[in-house]
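I have placed the structure first, in the form of structure tokens, so that the comments after it can refer back to it.
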Amino acid sequence: MSFKPPLPLRAWTPPEWADAALKDPEGLLSDHAHNEKKATLTALSLVHAFSDDNRPAILLSRLAEEEAQHFRRVLEALEAFGWKLRPDRGNRHAQALLAAKDRDRGADPLLDRLLIGSLIEARSCERLWLIEQAAQGHAELANPQWLAFLLELERCEAGHALTYLRLAQERFPDADSRMDWWLDREAEVVAGLAWRSAVH
Ligand SMILES: [Fe+2]
Ligand SMILES: [Fe+2]
């Protein structure tokens, strides 16, 4: 089955990445729990920037609800596998994108936050898809319930990538040209990340 990304990402993760990520499934799942928690907080914090407009605030609060539910369900999956939530090792993909934003002040900070959100969600979607493919042959993760959850997460994160992009496009006339710039930055970031048992 082929993968259709929500954004035209300019660097693709090789399938071998998922084998490396699945070497430590407890670490991978634990890291992903932290990602879902941070995605919840990011969406909620962005509501402040749209306090003058109901519709974006509704979309962001719905997105935050979905991320909070993902956080809970990943924690429940950890529990079901008998695994522990480990300390947060940080999301290096997000950190590198935020550092690029701080180095280049060429756009409105809110526009950049929305576009970075869109890119993180799109990259999560791509990598969850790769994990779902690799998990089908994995000793612990190849059960239908878990694979269905991965598919659901992947579809949901694709929707989030498009929600952030749409919010950016509705408020900023230069959103598409800035995204063009960001797609190159994100490809550079991904090329420089070492593989580990984490989605990013
Ligand atoms: Fe999520
Ligand atoms: Fe998401």
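Reckoned from all heavy atoms, side chains included, excluding hydrogens, waters and symmetry mates. Atoms within each ligand, like the ligands themselves, are counted from 1 in listed order.
By the criterion of a separation under 2.8 Å, the protein N/O/S atoms near the Fe ion (ligand 2) amount to Glu67 OE2, Glu121 OE1, Glu121 OE2, Glu157 OE1, His160 ND1.
In summary, of the residues considered (His200, Glu157, Glu186), a side chain to side chain donor-acceptor pair (under 3.5 Å) with Arg123 occurs for Glu186 alone.
Neither side chain, Glu66 nor His70, offers a donor N or O lying under 3.5 Å from an acceptor on the other.
Relative to the ring axis of Trp181, Arg178 places its NZ or CZ within 45° and under 6.0 Å from the centre.
Annotation: ring pair (Phe, Tyr, Trp, His ring centres under 6.0 Å) contacts of Trp146 (sequence neighbours excluded): Phe81, Phe149.
A salt bridge links Arg86 with Glu26: at least one charged nitrogen is closer than 4.0 Å to a carboxylate oxygen. Taking 4.0 Å as the cut-off between side-chain N and carboxylate O, Arg55 and Glu170 count as a salt-bridged pair.
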